[in-house]
Visitor: 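Mind having a look at this structure? Questions to follow.
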Amino acid sequence: MRNRNIFHIDANSAYLSWEATWRLQHGESLDLRDVPSVVGGDPKSRHGIILAKSIPAKKYGIKTGETLYSARQKCPDLLIVPPNYELYMKCSNGMFDLLKEYSHLVQRYSVDECFLDYTESEKLFGSPLKTAYKIKNRIQEELGFTVNIGISHNKLLSKMASELEKPNKVHTLFSDEIASKMWTLPVDDLFMVGNKTLPKLKRIGISTIGDLAKANLSHMKSYLKSHGVLIWNYANGIDESPVREEDMVQKGVGNSTTIAFDVTNQREAHLILLSLTETVSMRLRKKKSLARVVSVSIKDKDFAYYSHQCALCAPTDSTNVLFKYVKKLFNEAWKGEPIRHLGVRLTELCSREFYQISIFDEKSLDKYRRIDETVDCLRRQYGKKSVIRGSFLHSGLKPIAGGVGEEEYKMMSSHL
DNA sequence: TCTGGGGTCCTAGGACCC
DNA sequence: TCTGGGGTCCTAGGACCC
């Protein structure tokens with residue numbers, strides 16, 4: 001493969017910086033980034049975890065994903081602000097638009113991370129390092145927050161580079177720098193080495209990325225199967241994955257919610273599932289897709305998680321049809337214990353165009369479709385809650401559950 | 001006042017077919 | 001009366017990412 005130049009751009013403590021920037025622009029004098037602060041959910045509705053932390057908060061040992069309760073034990077004066085996903089969406093778009101000025105190949109990897117293929121841009125904008133600094137400074141001046149930029153010949157190394165020293169830094173991690181900059185790091189700093197793999201690696205004496213890089217490949221393969229091969233390659237800086245453009249096909253859509261109280265009866269569970277089905281099928285229709293597989297997931301009060309799925313005879317995007325299967329799946333799967341969290345997920349998607357004919361075969365489906373279209377249209381125009389099912393009145397439950405912002409945004413995954 | 005929500009990919013076992 | 005192996009699809013569960 002020819003030598004590429006790939007940037008990884010990572011907003012520093014994204015949610016928190018964006019929150020801080022917004023507050024400064026709206027007349028607040030305190031910069032959240034200067035004090036121990038976090039963006040977190042509301043424990044009363046059982047959403048009490050840390051979504052983002054300031055650097056001073058990090059110095060107290062506060063970690064993303066831990067409970068607010070535990071964070072407050074570590075730092076009683078911790079400043080906690082609620083999340084504002086629409087704001088984050090705007091900041092994310094701002095960063096993406098700015099990056100697009102430097103390459104036509106920009107991949108939005110998540111709300112706060114992008115890959116940029118600079119290979120073809122060098123002729124126009126000059127040396128990668130110079131441009132990276134330019135981009136970093138422009139984002140700071142024009143958008144008000146800082147980023148880290150990692151530069152290398154592939155996505156894996158540029159991503160590892162952007163993680164090096166934070167905040168507001170540009171790092172390179174080329175082949176000849178792997179040993180000095182990456183191999184010295186603890187092995188769980190490597191992309192794709194998580195909580196479960198770490199102890200397995202420790203058990204065979206691997207504690208740094210360098211240890212893994214020098215391990216025997218066939219040994220890794222027999223020990224950890226394909227995942228062993230993947231992380232061995234990553235440890236050696238090997239990755240050929242392309243910077244993908246925006247039109248990547250999404251494999252599924254899902255919505256799930258943690259309920260403020262434990263659900264103990266089927267009627268309530270069905271209502272919550274209905275609200276989830278409404279959201280998820282609206283998103284499906286917006287993508288002009290149909291789904292062939294429906295799955296329902298349950299997390300009980302003790303956090304035990306299980307799911308049940310089934311394939312449909314014909315793919316659909318109808319809220320009513322999908323909800324029929326959702327109910328059936330739930331009834332088959334539920335063991336009767338108190339429920340904390342419910343989810344609905346649609347997979348095996350295909351384009352709506354291919355199935356137009358079979359959809360219109362049945363009169364009732366045609367009617368369902370027209371109802372869905374009308375409701376979607378009203379909700380787009382007057383807001384999500386302008387049309388709700390009568391069954392939610394006086395139920396104390398949200399008619400539309402799940403979903404993060406008004407617009408879809410990419411929340412990509414574990415693969416590059 | 002304890003623990004979110006959105007994704008992707010891989011594996012293992014059973015059913016079924018040839 | 002006894003006994004095959006390969007391929008594919010389906011489902012459940014697990015690991016990882018932000």
Side-chain angles (χ1 to χ4, degrees), chain A residues 8 10-11 13-15 39-52 63-73 80 82-83 85 88-89 92 108-115 155-156 159 162-163 188 190-200 224-231 234 241 244 248-261 276 279-280 283 292-312 329 332-333 340-349 401-405 408-416:
Chain A
H8 179 252
D10 189 339
S13 350
Y15 287 3
V39 176
D42 179 11
K44 285 196 187 107
S45 58
R46 309 204 288 191
H47 288 63
I49 64 153
I50 311 274
L51 298 163
K63 295 192 173 79
T64 302
E66 83 174 301
T67 60
L68 286 176
Y69 176 84
S70 130
R72 250 190 294 238
Q73 309 274 83
I80 301 165
Y85 294 105
Y88 309 154
M89 195 50 219
S92 176
R108 198 168 202 164
Y109 184 70
S110 72
V111 241
D112 60 337
E113 288 180 36
C114 289
F115 288 101
K155 287 163 77 177
L156 183 273
K159 183 160 166 58
S162 72
E163 301 284 313
D188 51 326
L190 184 66
F191 181 69
M192 289 302 283
V193 175
N195 261 336
K196 302 287 174 177
T197 310
L198 179 64
K200 291 179 192 164
L224 296 174
K225 309 282 169 63
S226 65
H227 192 239
V229 178
L230 181 82
I231 60 176
Y234 283 178
S241 63
R244 308 178 199 211
M248 247 181 60
V249 235
Q250 206 177 325
K251 300 290 172 61
V253 285
N255 276 122
S256 62
T257 188
T258 292
I259 307 124
F261 52 92
L276 290 165
T279 330
V280 88
R283 292 174 58 205
R292 207 177 58 84
V293 171
V294 183
S295 77
V296 167
S297 59
I298 300 171
K299 197 192 282 173
D300 71 21
K301 67 175 205 320
D302 301 318
F303 282 77
Y305 173 92
Y306 54 100
S307 65
H308 189 37
Q309 70 173 63
C310 75
L312 279 44
L329 287 166
E332 285 168 4
R340 177 190 178 86
H341 169 111
L342 285 167
V344 173
R345 181 158 192 83
L346 310 174
T347 51
E348 299 292 310
L349 308 186
V404 275
E408 288 286 313
Y409 65 91
K410 305 275 179 191
M411 252 315 209
M412 299 313 309
S413 70
S414 48
H415 82 293
L416 294 176

Visitor: Using the C1' atom on both, measure dC18(C) against dC2(B) and round to a whole Å.
Guide: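 Here dC18(C) and dC2(B) have their C1' atoms 22 Å from each other.
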Visitor: So, OP1 or OP2 of dG6(B): does either fall under 4.0 Å of a side-chain N or O from Ser256(A)?
Guide: yes
Visitor: Under 4.0 Å: is that the gap between some side-chain N or O of Thr197(A) and OP1 or OP2 of dC16(C)?
Guide: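 Result: yes.
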Visitor: With a 4.0 Å limit, can you tell me whether Lys196(A) has a side-chain N or O closer than that to the phosphate oxygens OP1/OP2 of dC16(C)?
Guide: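 Checking Lys196(A) against dC16(C): no side-chain N or O falls below 4.0 Å of OP1 or OP2.
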Visitor: On DNA chain B, nearest-nucleotide positions of Lys225(A) versus Ile259(A): which is more 5'?
Guide: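 By nearest-heavy-atom nucleotide position, the 5'-most residue is Ile259(A).
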Visitor: Check the phosphate of dG6(B) against Asn255(A), side-chain N and O only, distance under 4.0 Å to OP1 or OP2. Yes or no?
Guide: yes
Visitor: In chain order, what residues pass the salt bridge (Lys or Arg N to Asp or Glu O under 4.0 Å) check against Lys299(A), with sequence neighbours excluded?
Guide: none
Visitor: Can you check whether Ser226(A) has a side-chain N or O nearer than 4.0 Å to OP1 or OP2 of dC9(B)?
Guide: no
Visitor: Could you label the plane-to-plane angle of the His8(A) and Phe115(A) rings as parallel, tilted or perpendicular, counting under 30° as parallel and over 60° as perpendicular?
Guide: tilted
Visitor: Tell me whether the OP1 or OP2 atom of dC9(C) has a side-chain N or O from Arg292(A) closer than 4.0 Å.
Guide: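 Result: no.
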Visitor: Does a nitrogen or oxygen in the side chain of Arg345(A) sit under 4.0 Å from OP1 or OP2 of dG6(B)?
Guide: no
Visitor: Which class fits the ring pair Tyr234(A) and Phe191(A): parallel under 30°, tilted 30 to 60°, perpendicular over 60°?
Guide: tilted
Visitor: Checking contacts here: which listed nucleotide (dG4(B), dT3(B), dC17(C)) is nearest the side-chain heavy atoms of Met192(A)?
Guide: dC17(C)
Visitor: dG5(B) phosphate, OP1 or OP2: any side-chain N/O from His47(A) under 4.0 angstrom?
Guide: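 Result: yes.
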Visitor: Give the dot-bracket line for DNA chain B from 5' end to 3' end: parentheses for intra-strand Watson-Crick or G-U pairs under 3.5 Å, square brackets for crossings, | for inter-strand pairing, dots for unpaired.
Guide: ....||||||||||||||
Visitor: Using a cut-off of strictly less than 4.0 Å, decide whether His308(A) has a side-chain nitrogen or oxygen near OP1 or OP2 of dT11(C).
Guide: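 For His308(A), the contact criterion (side-chain N or O under 4.0 Å from OP1 or OP2 of dT11(C)) is not met.
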Visitor: Should Ser307(A) be listed as having a side-chain N or O under 4.0 Å from OP1 or OP2 of dT11(C)?
Guide: no
Visitor: Quick one: the side chain of Arg72(A) and the base of dT1(B), do they pair up donor-acceptor inside 3.5 Å?
Guide: yes
Visitor: If you check the Asn195(A) side chain, which of dT1(B), dC16(C), dT11(C) turns out closest?
Guide: dC16(C)
